[in-house]
Structures are given as C-alpha cells and as structure tokens.
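What follows is one structure encoded as structure tokens, with my remarks underneath.
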Amino acid sequence: MSIQAITTKVISTLGNKESLVPIMVKDGVDSGCLTYRSYKEGGKVEGIDRAIDEFGTQLIWIGGIPFCKYFYDKTIYQKSKINPGVDPRIIANNEYASWAKENAKGIMSNSKTQTVKEAVTDCLKDGGKKAQNLYKGKIITATALTLAAFFLLTKVKQKNTKNSVIKDMDSKVSDTFENKQETKNNVNVFSDFNLNNKEAKEVFSDIDSYSKQEKNKPAFKGGIIKNVTDAVMFNPVHNMKIIDAGITTERLACSRNKTEFGEHAIKEGGFLFFLYCFGGLLEKGINKLSSKVLNKPIDLDIDVIMDSKFEDALSKGKIASDISNLPKGGSLTDKLNFIVNNPENSVVQAAKKSKIVSTVKDKTGEKVVDTSKYIDTKAFDKLAENMQVIDEKFKSSKEPVKKFLNKTKALKVGSVMANIGVSCLFLGYILPKAVYKFREKETGTTKFHVAENIKNESKNHNSK
C-alpha cells in the first residue's frame, strides 16, 4: 500500500463522524493525561484509582455495546432466523421497505449464502414487527449490560481504593510500633488513627459502607436513561451517546463526596462537549475558511477527493450535468431508484466512496447497491451540494485538476489533524488542569481528598 493510500485511509477514518477511531484517540489522550495528573497531584493511591476508572471505562465504553450486540446476533437473532444485517430504519418505513425488497440484489455482507432479497423478505414477513422488536431487545440488552459492567467497575475501584488507604494506614502504624519498640500489650498503638487493625478491616469490609453515607453525599438522583428504545431505534449512531450519558450519570450518582461530584461534572461535561459538539463546530469553521478565503472547499470526504473517477469527472466538467440529472423534489422511491439505476453518475459514485451508499457483490462478483443498508437521502443531497461548490471553485481557480485536488487534500488533512490536535490539547491538558484547580479551590489542596475522607470517617466510626 502506497504512502498516499495510507494517508487517505488514516485521514478518512479520523475524519469520519461515525467511526470509533477518532473517539478512541481523544478518549485515550484524555484518560492517559488525567491518570498521569492524578499520580502527580494525588499520589499513587489516586493514580491507581484513576487508572482503573479511566482505562476500565474505556474498555467497557468501546467494547461493551459491540460485544453485547455480537453475542445477541449469534444467539437470539440466529434462533429467530432473522438477519441482523438489515438496517432497522429500512424496516420501519413502509415505502423504503417495499423498495428495498423489490430492488434487492447480491449476497448479504454477513453471510456467504443468504441473498439480500431473502434477508429483507424474512424481516418483512409480519410487517417488520418481529425484526423491530428484536432490534429493540438488542439495544436495551447491550445498553443495560454495558452500564451494569461500568457500575460494577466503579464499586470494585472504590473498594480497592479503600483497601489501599487502610493498608497504608496500617503500614504507617506498624512502622511506628517498630520504631518505638512497643510491647504486645500496648493497645494504644493505633491511637493516632483511633482504630486498631481488626476494627479497620471490619470498617472497610463492605463495599457500600462508605458510598452509602449521607454526609458529603451530593444531592443528585440520576438513573438509566429513560426511553432508550425511542432514542436509538432508528439511529444506531446514537448508541455510543447513550452509553456516555449513562456513564456520566453513574459517575455523578456514585461520587464519594461533593468535591468529587464537582470534578466529575467538569470532566464529563468538557469531555462530552469536545467529543460530540466541538469537533463538528471546528470542522465547519475550518471548512468555511478554506472555501471562502483559500478557494478550496474541503467538505467532501478525502476518499472522494482522492478518487480517480471524481478527478476525471471534475476535469471533464461532468459534475454539473450529473447534478442537474438528479431527481428534484421527487419521492423517496424516485431518489432511491435513481441511485440504483445510475451507477455512472458522479454523485452516485462519490456516495459509494463516502459510504453513504453501501455495495455488495452478486453471484457474478459484480458490485451492486446493498438495499439492506440504509441510504440517507439527505446526506446524498448534501453531497451533491458540496460537489457543486467544489466544481464551481475549480472552474474559477484556473488551476490544473491535479494541482487543485492536491491542495484541497492538504487542507483536508490539516483540517482533520487540527480537529484532533485541538481536542487532544483540551482533553489532555486544559481539562485535567481545570479539575485540579477546582479541587484546590474547594479543599485548599490538590491531594486526594477521598483518601482523607476515608481516614476521617474511620476515626469517627471507631470513636462511636
């Protein structure tokens, strides 16, 4: 694979709003830098506490829903003889469902033998009710199990931290005992801490003993996101957002004191903003600047910009005529029929490159439109608009097509890297700094206040 092909693949992946890769990159930077800051500011105990929380959550967050879905597909779906590869948004729309069945060709991408027509037909036997209910069950199950795993992780982390604190307390007391050469009968050896070793173990034996204390408990009553099915039934892209919302809710609800609640609010709020809002805003700003000032629109996917067919269509002035042939104000069926029946249209070709339109192979090995995958006609129309803009800019630039596209590609690469870079700067430096500034303001120090609370609570418990 050439350097250009590798670059195109990387930038296409990092710039894809529906890909988990850019999310993983940003989350990895956030987790790594926050863990380092915790070791630096709060010491080893907080560093381990943060590492378990951040990297454990990352594994659950990235892998939880895909694993649960895979398991559900291999068990429940398989038993029901329904192919999970058919997009539920197709089944939910009667007009779309009829069209998908009528125009189905090729072999399902997740099967070696089942045709697309067979898969779609199976889903529509009872009007699509069974397939829709299976999908609802899959989303609810995957979401619930993923959030349950995170809740368990939180409890394990908190118990581990308590055990570490009490072990450290015991160790310090043991050192004092040896230095002073106290006798076995000296029952005041733990007087500095107001508890002895046996009592300490009893105090921290229950994982919920500390978290259930009402003192210092933040006034927050969170819960699992309601109406999960309605939120994601027809838009699988929202799955990850729901998991994030659930994790944020649980983190706030399980905060061990008001200061930690505030820290979580700052961290989670900033993280969600940069993950789901800032990237899009920054991208729009850079794209507008590139188009208006530099005369190089970069709204198209880099896979389209670097495609030889797109280059050929641009140089021959074919794009304008292809756009003029698109159905204007037609029905959904008209638009979908056009996509299937006009494979040589440059907009259709670009839609396939940018994954708006998916393809599968038929029995002869020829690529055909995969009607089991949802085609977002609004995204298709937006693609046509962006192609029209770049066509107009190219004509006015008077540059050779290769030079124009190379400059456009360079700007696209810069845009994606700037987006990732700025987000990582905020998530890796500014956000952790804000968390510890807040802690210092609330407690007067950047030390691990949770550990101090555990010690104080132990003393209070023992004195009673």
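This one's a predicted model, so the numbers in the text were calculated from it and none came from an experiment.
- Taking the charged nitrogens against the carboxylate oxygens, K378 and D376 have no contact shorter than 4.0 Å, which rules out a salt bridge.
- Of the inter-residue distances, the one linking I60 atom CD1 with T146 atom OG1 reads 8.0 Å to the nearest 0.5 angstrom.
- In summary, D381 and K335 engage in a salt bridge, as defined by a charged side-chain N under 4.0 Å from a carboxylate O.
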Intermediate values then yes/no, side chain to side chain donor-acceptor pair (under 3.5 Å), S397 and N295: CA-CA 8 Å; S397 71; N295 209 41; 5.3 Å; no

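- Taking 4.5 Å as the limit, every side-chain heavy atom of N83 sits out of range of all side-chain heavy atoms of D122.
- For D370 and K373, the salt-bridge test passes: some basic side-chain N is under 4.0 Å from an acidic carboxylate O.
- To the nearest 0.5 Å, atom NZ of residue K395 and atom CD1 of residue I390 are 12.5 Å apart.
- Between F426 and F278, the distance from one ring center to the other does not fall under 6.0 angstrom.
- At a threshold of 4.5 Å between non-hydrogen side-chain atoms, the residues S291 and I298 do not count as touching.
- In this structure, Y77 and Y72 have perpendicular ring planes: the angle between them is above 60°, well past the 30° mark.
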From CA spacing to verdict: side chain to side chain contact (heavy atoms under 4.5 Å, CB included), E311, L405: CA-CA 8 Å; E311 179 183 331; L405 289 176; 3.7 Å; yes

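- Atom OG1 in T35 sits 7.0 Å away from atom CZ in R50 (nearest 0.5 Å).
- Atoms CD and CZ, from E399 and F404 in turn, are 7.0 Å apart once rounded to the nearest 0.5 Å.
- Classification of K367 and D362 as a salt-bridged pair fails, no side-chain N sitting under 4.0 Å from a carboxylate O.
- D312 has no carboxylate O lying under 4.0 Å from a charged side-chain N of K318, or vice versa, which leaves the two without a salt bridge.
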Verdict with supporting geometry, H449 and E260, side chain to side chain contact (heavy atoms under 4.5 Å, CB included): CA-CA 8 Å; H449 52 83; E260 187 174 48; 3.9 Å; yes

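- Within a 6.0 Å sphere centred on NZ of K328, heavy atoms belonging to other residues, nucleotides or ligands number more than 12.
- Under the 4.5 Å side-chain criterion, counting only non-hydrogen atoms from C-beta, C68 is not in contact with T141.
- By the 6.0 Å contact criterion, CZ on F338 is enclosed, its count of non-hydrogen atoms from other residues, nucleotides or ligands being greater than 12.
- Summarising the geometry, atom CD belonging to E442 is positioned 14.0 Å from atom NZ belonging to K437; distances are rounded to the nearest 0.5 Å.
- Rounding to the nearest 0.5 Å places NZ of K433 at 14.5 Å from CG of L34.
- E344 and K309 are not joined by a salt bridge, as no carboxylate oxygen comes within less than 4.0 angstrom of a charged side-chain nitrogen.
- Inter-residue side-chain proximity for S98 and L124 is flagged as unmet; no heavy-atom pair is nearer than 4.5 Å.
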Test log, rule side chain to side chain contact (heavy atoms under 4.5 Å, CB included), inputs W99 and N337: CA-CA 8 Å; W99 176 86; N337 280 336; 2.8 Å; yes

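- At a threshold of 4.0 Å, the pair D303-K412 does not count as salt-bridged, since none of the basic side-chain nitrogens sits closer than that to a carboxylate oxygen.
- Using a 4.0 Å cut-off between charged nitrogen and carboxylate oxygen, E366 and K361 do not count as a salt-bridge pair.
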Step-by-step side chain to side chain contact (heavy atoms under 4.5 Å, CB included) determination, F438 to T259: CA-CA 8 Å; F438 171 81; T259 301; 4.3 Å; yes

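- In this structure, K267 forms a cation-pi arrangement with F271, its terminal cationic atom sitting closer than 6.0 Å to the ring centre and no more than 45° off the ring axis.
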